[in-house]
Each structure stands twice: as structure tokens, then as C-alpha cells.
2 protein chains.
Amino acid sequence: MTQTPLSSSDKTRAALIAAGLHLFSQHGYAGASTRAIAGRAETNVASIAYHFGSKEGLRTACAEEVARLISEAVGKAGPQPVGPSQARAAIKSTLTRVAGFVLGGMAPPDAIGFMLRELAEEGPSVDLVYARMIEPTHRRLCVLWAVATGLAEESEQVRLAVFALMGQLFYFRIAEGIVRRRMGWRAYGPGEIAKIIDTLTRGIESALSGG
Amino acid sequence: MTQTPLSSSDKTRAALIAAGLHLFSQHGYAGASTRAIAGRAETNVASIAYHFGSKEGLRTACAEEVARLISEAVGKAGPQPVGPSQARAAIKSTLTRVAGFVLGGMAPPDAIGFMLRELAEEGPSVDLVYARMIEPTHRRLCVLWAVATGLAEESEQVRLAVFALMGQLFYFRIAEGIVRRRMGWRAYGPGEIAKIIDTLTRGIESALSGG
DNA sequence: TTGCATTTCAAACAACCGTTTGAAGAATTG
DNA sequence: CAATTCTTCAAACGGTTGTTTGAAATGCAA
């Protein structure tokens, strides 16, 4: 943990990325003006071009920051599970960890929003996010799922099942507004997140034990 | 089926809505310029203001079109199921129908993309889409799910389970690019959609039969 | 301190934005 | 047919966009 003191330059860079993440995720890439971003970062418009070359440069800097944040939160692969019950436990703990990150305030809530935006726009950052985060995580879960079910690790059935699992989780984030409305929840607090995780866990349980 | 012939006005209106759906869903509301929309609809920029009052007017017209398309595709509620097995069958048939619409080319693919955009932007159309389509569909599925499981119709567990179910489906649409990449699919053809539906059906089966 | 590189800033740039305008075209009515 | 309404269009409007500029401000070594 080298804690180099932040230079003035580093601070504005970080502020611009934070502001970019927030406004990109809220209004989309085109909808977030450079002036609004600079204003939120409490600096001048020209800083964006100075530090990142262009608005597009800030976009990829944001993507890299998101990839960094997420891979940090998801963590590295645990030890290879030796049996189905261990694999099942590993799936559940991974899910809980990721859910806390995706749904809760463990990270800038803008990180996930930004990523989903990039996904929708098929933006230039999607390659980066896919290669650095989605593919490895998905692949790791496939291994666990295969061990837990006895199916082939890279079979279509396993890969699709893992996508379905991740899909449930992300949907609760994407459609947060709708879920809150329908559930009568004012926000995703710890209690609400626990209920969501409980729902997903229940699904995993029955998928892994049932036929 | 009254088949009134389309007037010139109706044709440009329809063309503008189709172009709006496409470009809004691809580049977001702010990212789609009125000139680009008019160009795609092969008409003049001023037509937007003439027919819809403003760009924002076109946005809500698009939302209404999406609501119309979807409620048409999802259809009305079937007869009240008399037992768990009937309810289970009704859930599966509803899922298959909705999946064909969401994933396949049964509707302008831009319709779902537009809706997800509005969701992300918390745009003004979200109320309309929620009230006209999401809430009723969700509520109907909750009834079926409750009958199939014996749980209370409006219990938190049922409502969350239904969201999880819908989430899987929508995620396969949202993350289509990623899924295709990971699966090595060139596109969502009938075969691929069948496999996805199969995955979701499997999940329902085990969720409803298992504990 | 002086000198130099780094970082910030207000101002200006062309290009594009959504919208308005008034005239021209097309369709409908009597 | 002429009269009238509806629809389209090129052009122009003020405002905002992303980016550039050159001068201040700041940080840091000598």
C-alpha cells in the first residue's frame, strides 16, 4: 500500500473521473457536457483536454477506473473447490460479494451505471470492461457451477446458466427504480439488499439441487 | 381490424417514431440529434416540431408506441388458473411469448432498447411504461407464481422471485453483445433464443418444484 | 530569490444543437 | 375549377457543444 501524497494534478484528475462517472451514468455520454463535468469537479473546462486529451479520453479513463474498482471488489479467484458442496458455497459467497458491490453503496454507485451505459451504447470502453472484468468473472463462475452440477465446464448449458444468474443480479440494479416502486421500498438499504440476495440464493439452491 | 389507408402525415409520423426509437435507443436521448432523426426518416427537421411539438414530444410518442407494441405482444390475461400445474404452464407460455418479443425480431429491436434507455435516464416516459406495461405484467405473473407455489400473491418473496425471473430475460437482451461474444454466437437466431428460453424454463422448473 | 515546468483559467473558436419562420408544395373541399 | 387547409422544405435564429489559445497562477529545483 504505497500511499503517495496526491499532487494537485492527481486530485483534479480524480475529481474529473468521479464527475465523469456520475454524469455519464446519469445522462449518457452525449448528454453530459464537458462544462457540466468540469463544474462538478470544481475545475475549468480546459482541464479535461489538458489531462485526458479530449472528452473521449475522459471516457476511457472512467472505464479504466471502473474496471479497477470492480476487479478490486470481486477479488481474485479462490482455491479450486474440491467438491460440489464447496463449489456451491463458493458461488454463494461470490454472489453475496458481487451483490453488495452492485446493489449497495460499497462503490461509487456511478460505476455500475457507467458500465451499463457503455454496454447500451456499445461504446469504446466495452471491450476493456469485457476483457478485464466480465469474461474472467463469468469464466470463474462457470468453473464453480460445473463442479457443483457435474456438467462440463464450458458447456452451453453452464455458460447460459451463469449468465442467467448474473442477469438477475444486474437487473435489480438496472431496474432499481421499478423494483423500488413495486416493492414500496424507499431505497436499497442493507435489509432490502439482504432480501434480494436471499431471493437469488434461493434460486441457486433449487437450480443446483433440483433436476 | 379497420385498415384506414395511411395519409402522408401518418406515414411521416410513423417514420419519425421508428427513426426516433432507433436513434434514441442507440445513442440516448441527448445523443440523437433532430437532424439525424429526420434524415433517417427521410423528411425535414421541421417535421418533428410540426408533428410532435418538440423533440421531447417525439420522445413521449415513442414511449407510447413502445407501450402499445408491448402490450399487444404480451397480450391480455388468460383465464384464472385453477391449480399449480396450470399456473406453471401459464408462466412458461407467458415467458416464451415475452422472450420471443424481447429477444427476437418480433418487434422493432429498438423498442426494448428505447425502454431500457428511458429506464436508465429516469426519463419522463418511465411512468408511462411502468403503469401501462411493467406493473400489470408483473402483477399478473405474481398471481401465477403464487398459485404455482402456494405462497401469498403479494408476498415479498413472490414479487422478488418474479423480478428475478424477468431480470434474467431482460439481461439477455441488455447484454446481448457480451452474451454473443462469450457464447460465440453471431446473432440471436431462433436456435439461440430457444436455448435461452430453455435455460430460463429450467430455472423456473427447479424453482417451482424444489424447496 | 530566480528560472523553469506544470497546472489552471477566462475567453474565443467553429460546429452543431433544437426550434422558428415564411414560402412552396400537396391534398382536400365546395 | 378556385379556395382552403394540411404538410413539407430550405434557411436562419440564438444557444450550447467540444476544443483551442495564450496568459496568469502555482509548484519546485537551484
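Lettering follows sequence order; numbering is per chain, from 1. Keep in mind it's a predicted model, so treat the numbers as computed, not measured.
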- [ ] Just jot down the side-chain contact (heavy atoms from CB on, under 4.5 Å) partners of A/D198, sequence neighbours excluded, or say none.
- [x] A/R202

- [ ] Would you mind reading off the distance between B/L16 atom CG and D/dC9 atom P, rounded to a whole angstrom?
- [x] 10 Å

Open item on the list: Tell me every residue that passes side-chain contact (heavy atoms from CB on, under 4.5 Å) with B/A41, counting only those two or more places apart in sequence or in another chain.
Closed with: B/A15, B/L16, B/A19, B/T43

TODO: Would you jot down, in residue-number order, the residues of residues 27-39 of chain A having a non-hydrogen atom under 4.0 Å from DNA chain D?
DONE: A/A32, A/S33, A/T34, A/R35

Task: Atom pair distance, as rounded to whole Å: OH in A/Y50 and C1' in C/dC9 - done: 13 Å

Give each protein N/O atom lying under 3.5 Å from an N/O atom of nucleotides 20-29 of chain D, with the pair distance.
none

TODO: Let me know the distance between CD of A/E42 and C1' of C/dT7, rounded to the nearest Å.
DONE: 17 Å

TODO: Please state whether the phosphate of D/dT7, meaning OP1 or OP2, lies under 4.0 angstrom from any side-chain nitrogen or oxygen of B/S9.
DONE: yes

Open item on the list: Applying salt bridge (charged side-chain N to carboxylate O under 4.0 Å, His left out) as the test, list every pair that has at least one member in residues 62-72 of chain B; sequence neighbours left out.
Closed with: B/E65-B/R68, B/R68-B/E72

Task: Polar side-chain atom of A/K195 near backbone of A/P190 as donor-acceptor pair, under 3.5 Å - done: no

Open item on the list: Is there a side-chain contact between A/H51 and the phosphate of C/dT6, meaning an N or O under 4.0 Å from OP1 or OP2?
Closed with: no

Task: Distance test, side-chain N/O of A/S54 to OP1/OP2 of D/dG18, below 4.0 Å - done: no

Task: Which residues share a side-chain contact (heavy atoms from CB on, under 4.5 Å) with A/A18, sequence neighbours left out - done: none

- [ ] Please collect all salt bridge (charged side-chain N to carboxylate O under 4.0 Å, His left out) contacts where either partner lies in residues 35-54 of chain A, sequence neighbours excluded, each pair once.
- [x] none

Open item on the list: Of the listed nucleotides (D/dC6, C/dT8, C/dT19), which one gets closest to any side-chain atom of B/K55?
Closed with: C/dT19

Task: Phosphate-side-chain proximity, A/S47 and C/dT7, N/O vs OP1/OP2 below 4.0 Å - done: no

TODO: Hey, could you give me each pair passing salt bridge (charged side-chain N to carboxylate O under 4.0 Å, His left out) that has a residue in residues 112-125 of chain B? Not counting sequence neighbours.
DONE: A/R117-B/E121, A/E121-B/R117, B/R59-B/E118, B/R59-B/E121

Open item on the list: Do A/Y29 and A/E56 have side chains that approach each other closer than 4.5 Å (heavy atoms only, starting at C-beta)?
Closed with: yes

Task: Backbone of B/C142 reached by a side-chain donor or acceptor of B/R159 within 3.5 Å - done: no

- [ ] Specify the separation, in whole Å, of atom CZ of A/R13 and atom C1' of C/dT8.
- [x] 15 Å

- [ ] Five pairs at each end of the helix from C/dT1-D/dA30 to C/dG30-D/dC1: take the axis at both ends and give me the angle between them to 10°.
- [x] 10°

Task: Whole angstrom value for the distance that separates P of D/dT19 from CZ of A/F52 - done: 13 Å

TODO: Please report, rounded to the nearest Å, how far the C1' atom of C/dT19 is from the CG atom of B/L58.
DONE: 14 Å

Task: Residues in side-chain contact (heavy atoms from CB on, under 4.5 Å) contact with A/T201, at least two apart in sequence or another chain - done: A/K92, A/L95, A/I197, A/E205

Task: All ring pair (Phe, Tyr, Trp, His ring centres under 6.0 Å) counterparts of A/Y171, not counting sequence neighbours - done: B/F170

Just list the side-chain donor-acceptor pairs under 3.5 Å for residues 178-188 of chain B, sequence neighbours left out, or say none.
residue: B/R180; atom: NE; partner: B/R186; partner atom: O; Å: 3.2
residue: B/R180; atom: NH1; partner: B/E176; partner atom: OE2; Å: 3.0
residue: B/R181; atom: NH1; partner: A/D127; partner atom: OD1; Å: 2.9
residue: B/R181; atom: NH2; partner: A/D127; partner atom: OD1; Å: 3.2
residue: B/R182; atom: NE; partner: A/H138; partner atom: ND1; Å: 2.8
residue: B/R182; atom: NH1; partner: A/E154; partner atom: OE1; Å: 3.3
residue: B/R182; atom: NH2; partner: A/E154; partner atom: OE2; Å: 3.0
residue: B/W185; atom: NE1; partner: A/E156; partner atom: OE2; Å: 3.3
residue: B/Y188; atom: OH; partner: B/F172; partner atom: O; Å: 2.6

Task: Atom-to-atom span, CD1 of B/I48 to P of C/dC17 - whole angstrom - done: 11 Å

